[in-house]
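Okay, structure first, notes after.
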Amino acid sequence: MARIVMKFGGTSVADISRIRNVARHVKREVDNGHEVAVVVSAMAGKTNELVAWTREASAMHDAREYDAVVASGEQVTAGLLAITLQNMGVNARSWLGWQIPIRTDATHGAARIMDIDGSFLVERFGQGQVAVIAGFQGIGPDNRIATLGRGGSDTSAVAIAAAVKADRCDIYTDVDGVYTTDPRIEPKARRLASISFEEMLEMASLGAKVLQVRSVELAMVHQVRTFVRSSFDDPDAPGMGDFDNPPGTLICDEDEIVEQQIVTGIAYAKDEAQISLRRVADRPGVAAGIFGPLAEAGINVDMIVQNMSEDGSRTDMTFTVPSGDVDKALGALEKIRPEIGFDAVQHDQGMSKISVIGIGMRSHTGVAATAFRALADKGINIRAITTSEIKISILIDGPYTELAVRTLHSVYGLDKQ
């Protein structure tokens, strides 16, 4: 017997028919003798509808009331799944975030989980009961519902798995695992049998939409073995109940991965914008003076490149932001221009960031050179480059995104079994 947390996203519970299918997945694990907690999202499209209603009611609304409205989507799903399981003869009950309780900080709308008391859940496991938990929500220090931000149900599931010391956390989505790249761009993309926490964290933060970044961070910190699986697979198909190797992709510590490839995957993010500050005075505190106000404005700055002038008195500062934040970034920069001192601001939109990811890079040379040579052979110009121990990110013009992804996927042999 093992303890499993299962999470189902919005497309998996989009209607009653799909909720019945989810219930079959849950019943399979219960029939195999496992203790089970299920975390559910709102039905597909429901959260967007609830958010639209709050904005229609008032453009400037109380974030606490916003949370009270949008958290109701998960509450509906949890109740419906519990009813469906009970109808199948499974002992189940629904739980809201505050009933467990999942305690968060005070940032309504984008709260972070501070603590989870899993004792009630563990007690009910001992009674043979399945816990059906509304994801995406907890209770803030003001004793009110607080939501975790979009995609927060993934974070709920991993956090609960850590709290109850689950043997595994299964994230069921509309895809059957993590792929070497987006199959919509490269049909030869392969499903990975396993991927390390660090690699998945890079993939998630650099454009792969399979998991929310915070959920991967939590899984890595608490060493929660996580499987990405498809809810649309037949619940009773051969191998679906295999505890050690179910269909999907295992996200785990790199020590569990026996055969490590140099490169594991290619991620991409479109709609990046490049902003350059020309001839900035080179003195201590300038970088903080530029990026501090951008952070305060809620702008996520990514790639940063600095070039020195020949005499060392001036520098050019180039960085990227999401295209939707360009106007806000330019406004923030104009406010600090008199204090910082720079001659001009230039910006280009429609950029894409292509990232090569793999823990094997730590022990192999020439990985970056291979990427640069392959892109050059295709006539793709590189705007900026940043690297880390297991990642190379390259900024290019947007129209070359698909060609770049396919080229790099092929040059590292990811299209071969």
**Request:** Using the side chain to side chain contact (heavy atoms under 4.5 Å, CB included) rule, pick out the option among Ile139, Val164, Leu121 that qualifies with Ile100.
**Result:** Leu121

**Complete:** Result for side chain to side chain contact (heavy atoms under 4.5 Å, CB included) between Trp95 and one of Ile133, Val39, Val38, Val132 points to Ile133

Side-chain ion pair, [X] and [Y], N-O less than 4.0 Å:
X      : Y      : answer
Lys391 : Glu199 : no
Glu49  : Lys46  : yes
Glu402 : Arg184 : no
Arg406 : Glu186 : no
Arg24  : Glu29  : no
Lys7   : Asp154 : yes

Mind checking whether [X] and [Y] have side chains closer than 4.5 Å, heavy atoms only?
X      : Y      : value
Glu217 : Val213 : yes
Val280 : Asp316 : no
Leu85  : Leu81  : yes
Ser388 : Glu202 : yes
Asp182 : Val405 : no
Leu395 : Ile354 : no
Ile4   : Asp167 : no
Ser156 : Leu148 : yes

So, the side chain of [X] versus the backbone of [Y]: is there a donor-acceptor pair under 3.5 Å, distance only?
X      : Y      : value
His347 : Ala273 : no
Thr77  : Ser41  : yes
Gln223 : Met220 : yes
Arg18  : Thr11  : yes
His364 : Met361 : no
Asp253 : Glu256 : no
Thr249 : Leu192 : yes
Glu74  : Ala42  : yes

Nearest-0.5 Å distance, [atom1] of residue [X] to [atom2] of residue [Y]:
X      : Y      : atom1 : atom2 : answer
Gln261 : Thr180 : CD    : OG1   : 8.5 Å
Thr264 : Tyr412 : OG1   : OH    : 12.0 Å
Ser352 : Tyr400 : OG    : OH    : 12.5 Å
Ile299 : Asp325 : CD1   : CG    : 5.5 Å
Thr47  : Arg150 : OG1   : CZ    : 5.0 Å
Thr84  : Asn21  : OG1   : CG    : 11.5 Å

Check the surroundings of atom [atom1] in [X]: do more than 12 heavy atoms from other residues, nucleotides or ligands lie under 6.0 Å from it?
X      : atom1 : value
Glu339 : CD    : no
Glu56  : CD    : no
Phe120 : CZ    : no
Arg103 : CZ    : no
Arg20  : CZ    : no

Locate the shortest heavy-atom distance separating [X] from [Y]; write the atom from each residue and the value.
X      : Y      : result
Asp415 : Ser410 : OD2-OG, 3.7 Å
Gln306 : Thr315 : CG-OG1, 3.0 Å
Ile257 : Cys252 : CG1-SG, 3.9 Å
Met240 : Pro235 : CB-O, 3.6 Å
Ala219 : Val158 : N-CG1, 3.4 Å
Ile392 : Ala368 : CD1-CA, 3.5 Å

**Complete:** Sorted by chain and residue number, the ring-ring contact (aromatic ring centres under 6.0 Å, His included) partners of Phe8 (sequence neighbours excluded) come out as Tyr172

**Request:** Take Leu250 and Asn245 through the test side chain to side chain contact (heavy atoms under 4.5 Å, CB included) and record every step on the way to the result.
**Result:** CA-CA 8 Å; Leu250 170 64; Asn245 294 292; over 6 Å; no

Under the salt bridge (Lys or Arg N to Asp or Glu O under 4.0 Å) rule, collect the residues that match up with [X], sequence neighbours excluded.
X      : result
Asp233 : none
Arg3   : Glu35
Arg55  : none
Asp397 : Arg383

**Asked** Only one of Asp302, Thr320, Thr401 forms a side-chain hydrogen bond (donor to acceptor under 3.5 Å, both in side chains) with Lys353, so which one is it?
**Response** Asp302

**Message:** If you apply the rule side chain to side chain contact (heavy atoms under 4.5 Å, CB included), what do you find for Thr181 with Leu414, and how did you get there?
**Reply:** CA-CA 9 Å; Thr181 195; Leu414 296 177; over 6 Å; no

**Message:** Arg229 vs Asp176, test: salt bridge (charged side-chain N to carboxylate O under 4.0 Å, His left out). Steps then yes/no.
**Reply:** CA-CA 5 Å; Arg229 308 179 61 176; Asp176 60 353; over 6 Å; no

**Request:** Step by step, work out the side chain to side chain contact (heavy atoms under 4.5 Å, CB included) result for Arg168 and Phe227.
**Result:** CA-CA 7 Å; Arg168 201 176 76 205; Phe227 275 92; 3.2 Å; yes

**Asked** If you measure only the distance, is there a donor-acceptor pair under 3.5 Å linking the side chains of Gln212 and Thr155?
**Response** yes

Do any side-chain atoms of residues 106-116 form donor-acceptor pairs under 3.5 angstrom with protein atoms, and if so which ones, sequence neighbours left out?
from, atom 1, to, atom 2, distance (Å)
His108, ND1, Asp67, OD2, 2.9
His108, ND1, Ile145, O, 3.2
His108, NE2, Asp142, OD2, 2.8

